[in-house]
Structure formats: structure tokens, C-alpha cells
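Below is one structure, written out as C-alpha cells, with a few remarks after it.
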There are 2 protein chains.
Amino acid sequence: MSIEVIFGQQLRKIREERKLSQEELAFRSKLDRTYISLLERGKRRPTLNTIFALTAQLDIAPSELVRMVEKNLDI
Amino acid sequence: MSIEVIFGQQLRKIREERKLSQEELAFRSKLDRTYISLLERGKRRPTLNTIFALTAQLDIAPSELVRMVEKNLDI
DNA sequence: GTGTGACTTGGAGTCCGTA
DNA sequence: GTACGGACTCCAAGTCACA
């Protein structure tokens, strides 16, 4: 499985745990709603800055999200 | 200090600790030598996939490099 | 509330060279 | 071995209408 697909899965998982909609996350992180959708479906590869912008609104450290991606890549 | 500048500083630090040249790191990670230079000087923002490609050649977890960026952003 | 196609703009990443 | 520049390709960033 590719990095961007795993990333999208983990992003969605965290967002849903926080009970946030794509719309709300997009608004708070100052990104577009459809872009969040693209990320979650693994259609885009986020830059480091995008990862920082997203995690800042999800009560999670950027490195922690990246660590989740690492773990799931092994599987 | 911006995320990309901090990232560049940490990337250079790790690379030099490993006693690798920009050339060698570029070759191993299948990126361009001048691009490594741009990253280290904070002129480019790496995608998540690029971070994985780089750290795979530096004996460090992607999340660990990101964590170093976080720490140094606080300062 | 989300998925998707189509689109424009900016930047990721490469290749050439010079110093 | 690295910094830096121009020119290039390709994709991420960001937006829209519609389902």
C-alpha cells in the first residue's frame, strides 16, 4: 500500500475520532474541504507544512501521525 | 522560524552525522543532488513521500525527523 | 456531509551549467 | 563537495460545480 493511501486512512481515522467533519477540519486548518477529501482518499501527497496545519487542529503531534503511517506501512 | 528552514537544518545535521555527502544521499534516495541542497537551505517544502525516501537512507524513522522539527519549532 | 471531474496556479523535483 | 541560477516537467495546492 502506498504512503499517501495509508496517510489518508490514518487522517480519516483521527478526524472521525475527534468527531470532526471534513468541512470543519478544512475550515480550521484553512484548507479546502475537497482537498481534505482528496487527501483522505490518497489522491494527494501532503507536504510537511500541510501535515503540520492538519495535526494542529486534531490535537495530535505531526510526528505521531507520521508514526502511525510508518506502523501501517509495515503491515 | 519556518517549518521548511527547521526541516532543512535537521536534515543537514542528520546527514552530516551519518558522514554522507549531499551527492551520496541524493543517489541513494533517488532524488536530485541540487534538490537536497534546496531542502537543506529551506528553499523547498518536502512531501511526505520525500521525507520517507530521505529517512530510509539515513537510518532514522520519518516520525523521528518530524519530531526533531517539532521540538525546534517551539524554541 | 462527502465524492468527483475539471480546472488554474504554484511549487516539488530534475537537468543543465557556473563558481 | 556545495551553492546557486535558469529552464524545464509534473504534481500538489487550492477552487468550483455538480452529483
Side-chain angles (χ1 to χ4, degrees), chain A residues 1-60 62-63 65-66 68-70 72-73, chain B residues 1-66 68-70 72-73:
Chain A
M1 195 84 88
S2 64
I3 293 172
E4 60 269 23
V5 170
I6 302 289
F7 174 85
Q9 292 174 350
Q10 298 306 311
L11 175 60
R12 172 165 295 180
K13 181 181 172 191
I14 296 169
R15 177 181 63 77
E16 291 181 341
E17 285 173 0
R18 304 296 184 272
K19 301 188 189 300
L20 284 176
S21 65
Q22 290 181 353
E23 282 176 332
E24 289 170 347
L25 176 56
F27 177 75
R28 296 189 190 184
S29 55
K30 295 175 182 172
L31 294 170
D32 196 85
R33 180 188 66 75
T34 61
Y35 181 56
I36 305 289
S37 174
L38 289 167
L39 283 177
E40 288 189 350
R41 286 176 292 129
K43 303 294 186 183
R44 286 286 193 282
R45 300 173 175 184
T47 61
L48 182 60
N49 294 57
T50 301
I51 294 172
F52 271 71
L54 288 170
T55 54
Q57 307 306 322
L58 291 170
D59 282 319
I60 188 174
S63 59
L65 175 52
V66 175
M68 291 170 64
V69 176
E70 286 168 21
N72 285 275
L73 269 178
Chain B
M1 197 81 90
S2 64
I3 293 172
E4 58 270 23
V5 170
I6 303 289
F7 175 84
Q9 292 173 351
Q10 299 304 313
L11 174 61
R12 171 165 295 176
K13 182 182 172 190
I14 296 170
R15 177 181 62 78
E16 292 181 340
E17 286 173 358
R18 304 296 185 271
K19 299 188 189 302
L20 285 175
S21 65
Q22 290 182 352
E23 283 175 332
E24 290 171 346
L25 177 56
F27 177 75
R28 296 189 190 184
S29 55
K30 296 177 181 169
L31 293 169
D32 197 84
R33 183 187 61 76
T34 63
Y35 182 57
I36 305 291
S37 174
L38 288 167
L39 283 177
E40 288 189 353
R41 287 178 287 131
K43 304 293 185 182
R44 287 287 193 282
R45 301 172 176 186
T47 61
L48 182 60
N49 294 59
T50 301
I51 295 173
F52 271 72
L54 289 170
T55 54
Q57 307 306 322
L58 290 170
D59 282 320
I60 188 175
S63 59
E64 184 59 22
L65 174 53
V66 174
M68 290 169 65
V69 176
E70 286 166 22
N72 284 275
L73 268 177

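By convention in this document, chain letters (A, B, ...) are assigned in the order of the sequence lines, proteins followed by strands, and residues within each chain are numbered from 1. FYI, side chains are in, hydrogens and waters are out, and symmetry mates aren't considered; it's all heavy atoms of this structure.
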### Message
Please tell me if B:R15 has a side-chain N or O lying less than 4.0 Å from either OP1 or OP2 of D:dG1.
### Response
no
### Task
Figure out the NZ/C1' separation between A:K43 and D:dG14, and round it to whole Å.
18 Å
### Message
With no hydrogens and no angle check, just 3.5 Å: does a side-chain donor-acceptor pair link A:N49 and A:T47?
### Response
no
## Note on the structure
For A:N72 and A:M68, the nearest pair of non-hydrogen atoms, with its separation, is ND2-O, 2.7 Å
## Note on the structure
In whole angstroms, the gap separating P of D:dA12 from CD of B:E4 amounts to 18 Å
### Nearest atoms (heavy-atom pairs only) where A:L65 meets A:Q10
CD1-CB, 4.0 Å
### Query
Of the non-hydrogen atoms in B:S29 and B:I36, which two are nearest, and what is the gap between them?
OG-CD1, 4.4 Å
### Task
Mind listing the closest non-hydrogen atom pair of B:R18 and B:I60 along with its distance?
NH2-CB, 4.1 Å
### Task
Answer with base, sugar-phosphate or nothing: what part of the nucleic acid does A:E23 contact at a heavy-atom distance below 4.0 Å?
base
### Query
What is the distance from CG of B:L39 to C1' of D:dT2, rounded to the nearest Å?
14 Å
Write out a two-atom table: protein N or O, nucleotide N or O from nucleotides 15-19 of chain D, distance below 3.5 Å.
residue: D:dC16; atom: N4; partner: A:T34; partner atom: OG1; Å: 3.2

### Query
Does B:E70 reach the main-chain N or O of A:S63 with its side chain, forming a donor-acceptor pair under 3.5 Å?
yes
### Atom-to-atom span, CD of B:E40 to P of D:dA3 - whole angstrom
7 Å
### Query
For B:Q22 and D:dC4, what is the distance between atoms CD and P respectively, to the nearest whole Å?
11 Å
### Task
For residues A:T50 and A:L39, report the shortest heavy-atom separation together with the two atoms involved.
CG2-CD1, 4.2 Å
## Note on the structure
Correct closest heavy-atom pair for B:Q57 and B:L20 would be O-CD1, 3.9 Å
### Summary
Outermost contacting nts on DNA chain C, any atom under 4.0 Å from chain A heavy atoms, listed 5' then 3', are C:dG1 to C:dT4
